[in-house]
Amino acid sequence: MSDYLLEEQELSAAKIYRLFSGSICPRPIAWVSTLDDRGNANLAPFSFFNVVSVNPPVLGFSPLLDGDANPKDTIRNLEQVGECVVHISGEGLVQEMNATSAGLEHGDDEFIHAGLEKVAMAGVSVPRVAGAPVAFGCRLREIIRFGDQPLAGNLVLAEVVSIHVDDAVWDGRHVSVEGLRPLGRMAGNDYARCSDLFEVERPASGSSLTRDERGR
């Protein structure tokens, strides 16, 4: 067993990244499309991602600065056009999603690179991926920056203003795991399927829903 007090025993950012990515998993993946002020589209996956609020509906994802402390195009674009679409791709688009993580030149279009069709997303100017089963059109609320050093995070808080969902995935109450085939990000090149589920009944007092809502 090892214990680390970081103010006394500094670990490198690279070591902490490997520990985070290998132990905080599986992580959901935000597949985010944005536009710059010239209308060039960008599409990239981020696994530092989750729900941060339901009412109002807000999603959070955190693109890191790269090893040279440069921001991702996603952050640059959000500073210019404060809108994005956050997709949940499922296993059916994992190869295309992975292709959009390539380090293309600034202004190059990952939709084209990955052979993906753009379609309009209600409520925002940013296009969505035509085949993605779930997509959330969002407006930027805030970007919280944690510094300008390599691997510093830029926490994007994006408020959902529109939703696209495949009827085969959501019936208005329940999401079909079989229909969505969700993926989780592990360390390195690894992903996890959500196909081996087990149930642990949650105490009623631990639910975030009202008693009436739990009974529906």
Side-chain angles (χ1 to χ4, degrees), residues 27-63 71-94 96-97 99-101 109-144 154-185 194 208-210 213 216:
R27 298 180 303 282
I29 305 164
W31 197 16
V32 182
S33 58
T34 54
L35 289 176
D36 67 17
D37 56 8
R38 295 187 173 187
N40 297 310
N42 180 266
L43 182 63
F46 301 100
S47 69
F48 290 5
F49 161 58
N50 221 306
V51 176
V52 298
S53 175
V54 173
N55 187 18
V58 180
L59 306 177
F61 61 95
S62 186
K72 303 288 188 184
D73 283 349
T74 299
I75 294 296
R76 290 193 179 106
N77 290 357
L78 283 167
E79 292 170 337
Q80 297 172 19
V81 179
E83 298 177 343
C84 63
V85 179
V86 177
H87 306 80
I88 307 300
S89 79
E91 189 175 348
L93 287 170
V94 66
E96 291 85 350
M97 183 180 68
T100 65
S101 67
D109 189 327
E110 285 83 2
F111 281 87
I112 295 172
H113 174 73
L116 293 164
E117 179 185 355
K118 299 183 185 95
V119 294
M121 182 73 191
V124 295
S125 61
V126 178
R128 66 175 175 86
V129 175
V134 180
F136 302 102
C138 302
R139 294 190 187 127
L140 178 66
R141 284 181 67 105
E142 187 178 2
I143 300 176
I144 301 172
N154 296 268
L155 177 58
V156 175
L157 299 178
E159 184 165 349
V160 176
V161 298
S162 62
I163 298 171
H164 166 82
V165 59
D166 190 326
D167 290 340
V169 168
W170 189 51
D171 63 8
R173 180 178 180 186
H174 297 114
V175 172
S176 166
V177 173
E178 294 79 9
L180 181 58
R181 297 164 66 204
L183 293 173
R185 192 75 172 85
C194 298
S208 58
L209 301 178
T210 67
E213 287 170 331
R216 291 175 193 167

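In what follows, every heavy atom counts, from backbone to side chain, and hydrogens, waters and symmetry copies are set aside. These numbers come from a predicted model, not from an experiment.
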- Message: Within this structure, what is the CZ-CD1 distance for the pair F61 and I29, rounded to the nearest 0.5 Å?
- Response: 14.0 Å

- Nearest non-hydrogen partners of V169 and P133, listed with the distance: CG2-CB, 3.9 Å

- Note on the structure: Minimal heavy-atom distance between P63 and I75, with the atoms involved, is CG-CD1, 3.9 Å

- Task: Quick one: do N77 and L35 satisfy side chain to side chain contact (heavy atoms under 4.5 Å, CB included)? Show the steps, please.
- Result: CA-CA 6 Å; N77 290 357; L35 289 176; 5.7 Å; no

- Least distance between heavy atoms, L155 atom then S62 atom: N-OG, 3.8 Å

- Between the CZ atom in F111 and the OG atom in S33, the distance rounded to the nearest 0.5 Å is 4.5 Å

- OG1/T74 to CG/D36 distance, rounded to the nearest 0.5 angstrom? 11.5 Å

- Message: Under a 3.5 Å threshold, yes or no: a donor from one side chain and an acceptor from the other, between W31 and T100?
- Response: yes

- Item | Flag, side chain of S89 to backbone of V94, donor-acceptor distance under 3.5 Å | no

- Answer yes or no: is there a donor N or O on one side and an acceptor on the other, between the side chain of E142 and the main chain of L157, under 3.5 Å? no

- Could you give all pairs that pass the salt bridge (charged side-chain N to carboxylate O under 4.0 Å, His left out) test and reach residues 160-170, with sequence neighbours left out? none

- Query: Of all heavy-atom pairs between V85 and A135, which one has the smallest distance, and what is that distance?
  - Reply: CG1-CB, 3.8 Å

- Query: So, the side chain of H87 versus the backbone of V129: is there a donor-acceptor pair under 3.5 Å, distance only?
  - Reply: yes

- E110 side chain vs L43 backbone, donor-acceptor pair below 3.5 Å: yes

- Message: Quick one, P182 and V177 - any side-chain contact, counting heavy atoms below 4.5 Å?
- Response: yes

- Inter-residue atom distance F46.CZ - N154.CG, 0.5 Å rounding: 10.0 Å

- Task: Provide the closest heavy-atom pair for M121 versus S162 in the form atom of the first, atom of the second, distance.
- Result: CE-OG, 3.4 Å

- Item | Heavy-atom check, side chain of C84 versus side chain of L78, under 4.5 Å | yes

- Is any side-chain heavy atom of V32 less than 4.5 Å from a side-chain heavy atom of P45? no

- Item | CZ-CZ distance between R27 and F49, expressed to the nearest 0.5 angstrom | 12.5 Å

- What residue pairs, at least two apart or across chains, pass salt bridge (charged side-chain N to carboxylate O under 4.0 Å, His left out) with a residue in residues 111-132? D109-K118

- Message: Between V160 and V58, is the side chain to side chain contact (heavy atoms under 4.5 Å, CB included) condition met? List the steps.
- Response: CA-CA 6 Å; V160 176; V58 180; over 6 Å; no

- Item | salt bridge (charged side-chain N to carboxylate O under 4.0 Å, His left out) contacts touching residues 76-91 (sequence neighbours left out) | D73-R76, E79-R145, E91-R181, E91-R193

- Task: Would you name the heavy atoms of S125 and V81 that are closest together and state the gap between them?
- Result: OG-CG1, 4.0 Å

- What distance separates T34 OG1 from L140 CG, expressed to the nearest 0.5 Å? 11.0 Å

- Can we say E159 and R139 salt-bridge, meaning some charged N sits less than 4.0 Å from an Asp/Glu carboxylate O? no

- Message: I'd like to know if the side chain of S47 reaches the main chain of R185, judged simply by a donor and an acceptor atom lying under 3.5 Å from each other, with no hydrogens or angles considered.
- Response: no

